[in-house]
Amino acid sequence: MGRGRVQLKRIENKINRQVTFSKRRSGLLKKAHEISVLCDAEVALIVFSTKGKLFEYSTDSGMDRILERYERYSYAERELVTTEIDQGNWSLEYSKLKSKIEILQKNQRHFMGEDLQSLSLKELQNLEQQLDVALKQIRSRKNQLMYESISELQKKEKALQEQNNKLGKQLKEKEKEVAAQQQQASQWDQQVTQGQSSPSFLLSQSLPNLNIGNGSYQVRGGNNGNEEEIRTQTTRTNTATPMPPWMLRHVNE
């Protein structure tokens, strides 16, 4: 009788599963060794049991060298695949961007009133509506900017007016101060001029005291600007100097 075909599924019996693992593992290691010898190939085999036990096989080149070679190959393969994918993505992205640019350029020409022959009535109506909406937005923005500019100019005008009023008040106060100073200077000059031309001033400057005979006369200005004569009698113990007759007449007059 021939050997029956084994169904590939997990063996439920733990003992049978362990026996099968040992037999198959030995056969797998034997086949790896055979292929490495017969075909002069570098073979590395790693097997972990259900309990985590490691079983490995490698040719004379060593497991580390084979794994390093595998890593280099896998990295180069991944880079190549990634580059091809990126190139494909860039090509697709380029096509999309190019089509978008063409559509935008076409719409721009339509907004400028060019190439309208290919448009239908409905497309022309849609274009007209878009232009109307755009014009409304443009006018609204323009009016807003004009209002803001006018408001700013009004604020500047108000500030300049306040500054002008302040400067006007300062100028009026300065003019009042200058006028008051000029008035005081004029009054002072007038008083000085009147004082120099009055007889009392001259007499007080030239004849402050007159000693005549047995008395002394003192001339001074009164409160009303009139001359007052104050005669003080003094007792003289010494011999008075005789006065000439013309001086006596002058004094009596």
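For clarity, every value in this text was computed on a predicted model and none was experimentally measured.
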Stepwise side-chain contact (heavy atoms from CB on, under 4.5 Å) test for H110 and E114 = CA-CA 5 Å; H110 291 166; E114 301 175 356; over 6 Å; no
List the steps and the verdict of salt bridge (Lys or Arg N to Asp or Glu O under 4.0 Å) for R69 and E71.
-> CA-CA 5 Å; R69 183 178 179 183; E71 289 293 334; over 6 Å; no
Working for side-chain contact (heavy atoms from CB on, under 4.5 Å), residues L145 and R141 = CA-CA 6 Å; L145 291 177; R141 180 58 181 168; 3.6 Å; yes
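Counted within 6.0 Å of CD on E157, heavy atoms from surrounding residues, nucleotides or ligands total 12 or fewer; the atom is thus considered open. Enclosure of atom CZ in F55 by more than 12 non-hydrogen atoms of other residues, nucleotides or ligands within 6.0 angstrom is indicated. The local environment of CD1 in I15 is sparse, with at most 12 non-hydrogen atoms from other residues, nucleotides or ligands closer than 6.0 Å. Heavy atoms from other residues, nucleotides or ligands lying under 6.0 Å from CD of Q108 number 12 at most. No more than 12 heavy atoms of other residues, nucleotides or ligands lie within 6.0 Å of CZ in R65, so this atom counts as exposed by the packing criterion. When the shell of 6.0 Å around CG of N13 is examined, it contains more than 12 heavy atoms from other residues, nucleotides or ligands. Shown here is L67, whose CG atom has more than 12 heavy atoms of other residues, nucleotides or ligands within 6.0 Å.
Side chains of L29 and H33 form no contact here, defined as non-hydrogen atoms less than 4.5 Å apart. E152 is listed as a side-chain neighbour of K156, based on a closest heavy-atom distance under 4.5 Å. Between D115 and K106, the closest side-chain pair of non-hydrogen atoms is not below 4.5 Å. Inter-residue side-chain proximity for Q18 and K14 is flagged as unmet; no heavy-atom pair is nearer than 4.5 Å. Side-chain contact between F21 and T50 is absent, with no heavy atoms from C-beta onward closer than 4.5 Å. Looking at heavy atoms from C-beta onward, L116 lies in side-chain contact with L127 at the 4.5 angstrom threshold. Side-chain contact between L160 and N164: absent, with no pair of heavy atoms (C-beta onward) separated by less than 4.5 Å. A heavy-atom distance below 4.5 Å is not found between the side chains of E162 and K166.
Look at E68 and R72 and you find a salt bridge, because one of the NZ, NE, NH1 or NH2 atoms lies within 4.0 Å of a carboxylate O, short of that distance. Checked for salt-bridge contact, E12 and R10 meet the test: a charged N lies under 4.0 Å from a carboxylate O.
Counting only distance, with no hydrogens or angles, the side chain of N143 and the backbone of R139 share a donor-acceptor pair below 3.5 Å. Looking only at distances, a side-chain donor or acceptor of S26 sits under 3.5 Å from a matching main-chain atom of S22. Checking side-chain atoms of Q187 against main-chain N and O of Q184 turns up no donor-acceptor pair under 3.5 Å. Side chain of S49 to main chain of K53: a donor-acceptor pair is present (N/O by atom type, distance under 3.5 Å, no hydrogens or angles).
Note on L131 and L124: same hydrophobic cluster, where clusters join Ile, Leu, Val, Met, Phe, Trp and Tyr whose side-chain heavy atoms are under 4.5 Å apart, directly or indirectly. V37 and V43 are assigned to two separate hydrophobic clusters, defined by single-linkage of ILVMFWY side chains at heavy-atom distances under 4.5 Å. Residues L28 and Y57 are members of one and the same hydrophobic cluster, defined by side-chain heavy-atom contacts under 4.5 angstrom among Ile, Leu, Val, Met, Phe, Trp and Tyr.
With rounding to the nearest 0.5 angstrom, the CD atom of E34 is 5.0 Å from the NZ atom of K31. Separation of atoms CD (E173) and NZ (K169) is listed at 9.0 Å; rounding is to 0.5 Å. Between the CG atom of L135 and the CD atom of E128 there is a distance of 10.5 Å, given to the nearest 0.5 Å. Separating the OG1 atom in T59 from the CD1 atom in I35 is a distance of 11.5 Å, to the nearest 0.5 Å.
A32 and L45 make their closest contact through CB-CD2, 4.4 Å (heavy atoms, listed as atom of the first residue, atom of the second, distance). Nearest heavy-atom pair, E123 versus S120, reported as atom, atom and distance to 0.1 Å: OE1-N, 3.1 Å. Here the shortest heavy-atom pairing between M63 and A44 reads SD-CB, 3.6 Å.
If you run side-chain contact (heavy atoms from CB on, under 4.5 Å) between T20 and each of R17, R24, K23, only R24 comes through.
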